[in-house]
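To start, the structure under review is shown below, and the notes come after it.
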Amino acid sequence: DIEELGVELKAIPFRRLKNNSLSSKERSKLKSINYKTLLHETWKDSFLVKKINKILFLVYEHPTGYRFNELEHLKYVGSFLFDLNHRQEKDKIKIDWQKLKNEVCSFRAHKLTESMFKYLSASTSGTSKLINYHPNAETAKQRSHSFKGGFMTALWREQDKIYDSD
């Protein structure tokens with residue numbers, strides 16, 4: 001992370017498709033969800049907004065059949081800057097965050113699924129250990145904020161079009 005510039009760094013793997021375009025291999029994990037603090041956050045002062053305000057995504061091609069530790073087969077293909085304040089999806093990302101917060105505040109974090117969200121998801125993370133976040137709530141799987149794979153692909157293709165038009 002480049003703290004002085006307020007920029008988060010994230011490496012994201014992409015796969016080359018048969019039509020030669022690149023597609024995100026997976027969602028981009030952004031930050032672990034702390035259910036206890038989420039209960040008291042607002043969008044503007046949330047830990048997530050601070051984390052995703054500006055992200056420099058470093059895109060690399062991860063060919064099928066190779067593992068992450070086989071570095072010689074991974075190929076850097078480019079980067080793009082995600083600036084939340086200049087994204088047309090900002091309000092939709094906020095809606096996803098609010099939906100997540102509403103579920104947690106209603107003590108339904110144990111019912112969260114990735115299909116509930118469009119851009120910003122609550123993906124299972126780590127060992128999916130169970131978290132006790134409130135005495136009135138059932139335990140819930142540990143989850144992380146993440147940008148969905150399809151959104152990551154769309155961001156890259158948008159950036160790739162900018163480069164192609166130069």
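For the numbers below, each heavy atom of this structure counts, side chains included, while hydrogens, waters and symmetry mates do not.
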Check against salt bridge (charged side-chain N to carboxylate O under 4.0 Å, His left out), E8 and K31: CA-CA 11 Å; E8 192 71 27; K31 180 176 183 1; over 6 Å; no
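In this structure, the side chain of R157 engages the main chain of L22 through a donor-acceptor pair within 3.5 Å. In terms of modelled atom types and a separation under 3.5 Å, the side chain of T153 and the main chain of S24 share a donor-acceptor contact. Under the 3.5 Å distance criterion, the side-chain polar atoms of S146 are left unmatched by any main-chain donor or acceptor of K148. The backbone N or O of K29 sits less than 3.5 Å from a side-chain atom of K10, completing a donor-acceptor pair. Proximity of a side-chain donor or acceptor of E70 to a complementary backbone N or O of R67 within less than 3.5 Å is detected. The main-chain N or O of F47 is found under 3.5 Å from a side-chain atom of E41 such that the two form a donor-acceptor pair.
Distance CG/N132 to NE2/H134: 11.5 Å, rounded to 0.5 Å. Atom CD1 of residue I131 and atom OH of residue Y133 lie 11.0 Å apart, to the nearest 0.5 angstrom. A distance of 10.0 Å separates NE2 in H86 from CG in L81, rounded to the nearest 0.5 Å.
The hydrophobic clustering, which links ILVMFWY residues whose side-chain heavy atoms are closer than 4.5 Å, places F117 and V49 together. The cluster map of Ile, Leu, Val, Met, Phe, Trp and Tyr, joined by side-chain heavy atoms under 4.5 Å apart, puts L100 and F107 in the same cluster.
Looking at P13 and Y60, their side chains come closer than 4.5 Å, going by heavy atoms from C-beta outward. Within the 4.5 Å cutoff, side-chain heavy atoms of F147 are placed close to those of I52.
The closest side-chain donor-acceptor pair between S121 and S123, if any, does not fall under 3.5 angstrom.
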